[in-house]
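Step one of this worksheet: look at the structure below.
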Amino acid sequence: KAHHSPLGVCMHTSISEILKEKPLNPSRRSLPCLAQNQIHPQSLSHVLSMPCTPDDKPQTPVGLGSEAVKDHYGEESDAVKDHYGEESEAVKDHYGEESEAVKDHYGEESEASAYKAGRTDKTFLIQKPAIRAKLEARGTNPGQPSGLMFRDGKKRIDYILVYRKSSPLVEKRVTFERNLRAEGLMLEKVPSLTNTDIMFVKIHVPWDTLCKYAEQMNIRMPFRKKMYFTDWKSKVMRRQIKSWLPSNPMKLDKEALPDLEETDCYTAPFSRARMHHFTINNRQTFFSNSTRSRIVHHVLQRTKYEDGKSKMGINRLLGNGTYEAAFPPHEGGYRSRHPINTHGAQNHRHLLYERWARWGMWYKYQPLDLIRRYFGEKIGLYFAWLGWYTGMLIPAALVGLFVFLYGLFTMDTSQVSKEICEANTTIMCPMCEQNCKPWKLSDSCVYAKVTHLFDNGGTVFFAIFMAIWATVFLEFWKRRRAELTYDWDLIDWEEEEENLRPQFEAKYSRLERVNHISGKPEPFQPFTDKLSRLMISVSGIFFMISLVLTAVFAVVVFRLIAMEKFASIDWEFVKKNWQFATSGTGVCINFMIIMSLNVVYEKVAYLLTNLEHPRTESEWENSFALKMFLFQFVNLNSSTFYIAFFLGRFAGRPGKYNKLFNRWRLEECHPSGCLIDLCLQMGVIMVLKQIWNNFMELGYPLLQNWWSRRKMKRTESKERTGGGQNVENKVQLPQWDKDWNLQPMNAHGLVDEYLEMVLQFGFITIFVAAFPLAPLLALLNNIIEIRLDAYKFVTQWRRPMPARATDIGIWHGILEGIGVLAVITNAFVIAITSDYIPRFVYAFRYGPCVDKRYPQDECLRGYMNSSLSVFDMGERWNVSEEQSRYCRYRDYRASPWSPVPYDFTLQFWHVLAARLAFIIVFEHLVFGVKSFIAYLIPDMPKSLCDRMRREKYLTQEMMYEAELEHLQKERKMNCRRYHHEWP
């Protein structure tokens, strides 16, 4: 006989009972999805596959007549009324305020006694080693409950709430918890073993409540295993080819990791009326832990704690101090005394640590399905994007390395470098007004060779390659995202209508209008108020940007002062390499200013975003992310823009130098170009910033957790000296206590994680022509970054709420904007900052190759002499010797003996015209190629589109077949026919 649960809808717990008698001949694609029981490690099967709790078992046997259909589907079912109706006295006795048992068990009147009992309860005390060893040998330990279960050892913990007993907001908490029980959740309170003021509220979701909210939230659950029809010959051939090829060392061993076998099943929105469609082999594992946590979070967000429209939600209670924290628990510890290869994983957290977060797994692919299953789709998409970005950096890093090696191998044979190194008789004009003397061009031989490493013939090619690479990266990421959303069953997922932020409701509670989506009245922000607040926010943004520019101006002044000091210092080594010394010290000071201002920018962005009063949390996060990006992008790149496009452009000429405040002479470029200054700026800031970010991401949480453990040990020692019992041991603490001692996830979510990578993406694309090693440094950093973030999420942070998402949000638009800006800046860097265009004009207009055919290297012979102008310093420095009367400087100006001294030459105008023409041609060519590539690459693979269409067709057919099978089975059991509409 079949049994009904109190819901009147849970008629079958397994589809296998239906398939025993087959009046129809089901197709091969209607096989049951049995992969659910394989999603947990084998070593946890005895814990996670336990029988249903008494609350979950069917209770009322039902006859097999036509009334069963009524009880199963109709609203006339008395069982449903008894279970859900307001008339049910059992519900009142179980959940209502009239129940004295509930008051005695959960009420505030019994908290003190419960806490005192908890302090001396043997459950929470560490057993003596001998007794504990005996209990472990027997396989039972009654004095130590599971860290993931209630006291009865049967109900699993789905969520944890933390509050302080000293908090005065007792009434709100009691009302909130009473309403949670009325919603169907089960609560249990326990004291903390590390802090006498902390209490934990453990939350469990019974099966009936899970079913109810899974249906309300349209959670898709599996009901049939996917069957792929392929040609067996091609399949055998592919297997043979794979057997001949060596195995990929980057792939994870799926045999050792059964959790990586994703349940490849057709899914449909869960429905209690169609419970028989879904494969429910085990109620404890049908809904994953992340799904259960998401359902609890959904209830917590919509439960009231006071009378009133806006008096609801756990976020408000966390904000006003009613609760200290709310988080889903980790699935146990992440370390084990036994090796995972022989004893298996203890839990998913242990599996993630061993196969993902350990440093030894740096070369392996990420287990994205397991990450998504444990942390949710939003965090899974972040790591998928980070892994995809890191993988796409490999070709960019290789090409950049080849360009650098090309410059390295041709450094000694470069015509420009040879002319500079051999210019022993070329006297250059003094670099400062006081205490500086003329110097020989050959003294800067090393500087010229280093410049050739980054400013060579491969620079233009690499800039074009990186512009196209950025487009290919973004287009193929769209395809990868489409595949992930399909595999993770997010294609038809629609984001729920978000709740209003408490600050928004409090501010505009008196103004209401009907929401066009929900049809309910809600507070709204008038347009005039929104516009005025937006203008204030924009003004604040411009003020902060002006502050950045002021800091850059201060660095420029420092460089001017340092240039004079280093050029006139008595230390010969510094005096000879004064340009390196000036650039190096300027970059280090600039980096310290950047990191200092970042702290200020975060606080200002937070204040400005709150000033705008965004309507929902997603709007707040997008607004905050955009401000943080603007602030940090300008802060990080403003000095780089100055060096790339302004350094040496307004210095003037000898005898008529432009001075800042009529005191300091403006800085000018080296005779071999300004690109080496830009390269040094990018290299130093990129390396130092990555080191600092990695320290803040891992080192700072480690220090915080170490400090919290030290305080716990001090508390323990005080209790010992005071005669207390030793209840403190990190290994023996229950899981909720361990999680409470971890650091909470960043309050801004993944904003900081994305921001760091997006700024890095800008660094390797916007000025990549000046620093071809940037992709290689980014690749090395990201390999470390993936494991750092993994280690942080698994070991140092509390488990975040498993949120869902279908893309990376506002960051994709920012990445596309950076790709457009990168084309423009690289065009200007090649045309203005580097010497590529002047060399090109000289080789084909003024060089020896104009009339005669010489090898390519010979075409630049005499280029250095052509790019230097002559200045007569006899009158100014009272020089009488003919050989030292004239000095050279970098510019295209007429000689002092020409009819118009120091006027721009024709070569200057030719170079300027060539630069402008190159910018226009480069931008149009690259933008055209980018648009063509974006047009050629569809956002979704054709094979995926075909699979989606076929799955939609098969899903409808299988749902229809399943309904027919169910109806025929019931007809056979009832021995009579009846009509029932689908569904």
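Source: prediction; values computed, not measured. Sequential numbering from 1 along the given sequence is applied to the chain's residues.
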Hits for ring-ring contact (aromatic ring centres under 6.0 Å, His included) against Y889, two or more places apart or cross-chain, chain-then-number order -> none
Scanning both residues in full, the closest heavy-atom pair of N865 with E419 reads N-OE1, 4.3 Å
With sequence neighbours left out, the residues meeting ring-ring contact (aromatic ring centres under 6.0 Å, His included) with F844 are F840
Is the closest side-chain heavy-atom distance between M864 and Y842 below 4.5 Å? no
Quiz prompt | Test item: Y836 and N456 side chains (from C-beta on) under 4.5 Å apart, heavy atoms | solution = no
task: Please find out if less than 6.0 Å separates the ring center of F767 from that of F641.
output: yes
Open item on the list: Counting C-beta onward and ignoring hydrogens, is there a side-chain heavy-atom pair between Y863 and D835 closer than 4.5 Å?
Closed with: yes
Exercise. Should we count CZ of F927 as having more than 12 external heavy atoms under 6.0 Å?
Worked result: yes
**Prompt:** Counting N and O atoms only, with roles assigned by atom type, does the side chain of S834 sit under 3.5 Å from a partner on the main chain of D455, one being a donor and the other an acceptor?
**Reply:** no
Using modelled atom types and a 3.5 Å cut-off, is there a donor and acceptor pairing between side-chain atoms of R861 and backbone atoms of Q415?
no
*Is there a donor-acceptor pair closer than 3.5 Å between any side-chain N or O of T825 and the backbone N or O of A822?*
yes
Interatomic distance, OG1@T550 vs CD1@I545, rounded to 0.5 Å, equals 12.0 Å
Heavy-atom nearest pair, K627 first then L608, reads CE-CB, 3.8 Å
Residue pair D807, H812: steps toward the side-chain contact (heavy atoms from CB on, under 4.5 Å) verdict:
CA-CA 8 Å; D807 53 29; H812 189 273; over 6 Å; no
Residues at least two apart in sequence or cross-chain that pass ring-ring contact (aromatic ring centres under 6.0 Å, His included) with Y601, listed by chain then number, are F631
Discussion item. Could you tell me if the side chain of K603 sits less than 4.5 Å from the side chain of Y606, heavy atoms only?
Written reply: no
(Q) Contact between L755 and F629 at the side-chain level, heavy atoms closer than 4.5 Å - yes or no? (A) yes
Rounded to the nearest 0.5 angstrom, the CZ-CZ distance for F402 and F409 is 10.5 Å
Taking the side chain as everything from C-beta on, heavy atoms only, tell me whether L441 gets closer than 4.5 Å to R888. no
Heavy-atom closest pair (G586 atom, R559 atom, distance to 0.1 Å) is CA-CG, 4.4 Å
In terms of heavy-atom contacts, W477 and L381 come closest through CH2-O, 4.1 Å
Test side-chain contact (heavy atoms from CB on, under 4.5 Å) on Y642 and N590 and set out the steps.
-> CA-CA 12 Å; Y642 163 75; N590 186 32; over 6 Å; no
How far apart are the C-alpha atoms of F828 and I919, what are their side-chain angles, what is the distance that settles it, and do they pass the side-chain contact (heavy atoms from CB on, under 4.5 Å) test? CA-CA 6 Å; F828 277 89; I919 292 173; 3.6 Å; yes
Acceptor/donor pairs from residues 685-692 side chains to any protein atom, 3.5 angstrom cut, sequence neighbours excluded:
none

* **Residues, nucleotides or ligands: over 12 heavy atoms within 6.0 Å of W359 CH2** => yes
Separation between CG (D789) and CD (Q796), nearest 0.5 Å, reads 12.5 Å
Next on the checklist: Please evaluate residues E475 and V472 with respect to the criterion side-chain contact (heavy atoms from CB on, under 4.5 Å), reporting the C-alpha separation (whole Å), side-chain torsions for both, the decisive distance (0.1 Å), and the verdict.
Outcome noted: CA-CA 5 Å; E475 292 301 321; V472 172; 5.9 Å; no
Interatomic distance, CH2@W469 vs NZ@K930, rounded to 0.5 Å, equals 10.5 Å
**OP:** Compare all side-chain heavy atoms of Q681 with those of L647 and state whether any distance is below 4.5 angstrom.
**Re:** no
With a 3.5 Å distance limit and no angle check, can you tell me whether W439 reaches the backbone of C429 through a side-chain donor-acceptor pair? yes
Heavy-atom nearest pair, N826 first then A769, reads OD1-N, 3.2 Å
Check: D891 side chain, S869 main-chain N or O, donor-acceptor pair, under 3.5 Å
no
Listing, residues 384-393 side-chain donor-acceptor contacts under 3.5 Å, not counting sequence neighbours, or none:
from, atom 1, to, atom 2, distance (Å)
Y389, OH, Q760, OE1, 2.8
T390, OG1, L386, O, 2.7

For Y406, the ring-ring contact (aromatic ring centres under 6.0 Å, His included) test, sequence neighbours excluded, returns none
Output for pair (M466 CE, T471 OG1), nearest 0.5 Å, gives 11.0 Å
Distance col, row T451:OG1 vs L680:CG, nearest 0.5 angstrom, shows 10.5 Å
Atom CZ of F904: over 12 foreign heavy atoms under 6.0 Å:
yes
Minimal heavy-atom distance between I786 and W356, with the atoms involved, is CG2-NE1, 4.4 Å
Looking at E816 and K478, does any basic side-chain N land under 4.0 Å from a carboxylate oxygen? yes
Given side chains that start at C-beta, do those of F454 and T459 come closer than 4.5 Å, heavy atoms only? no
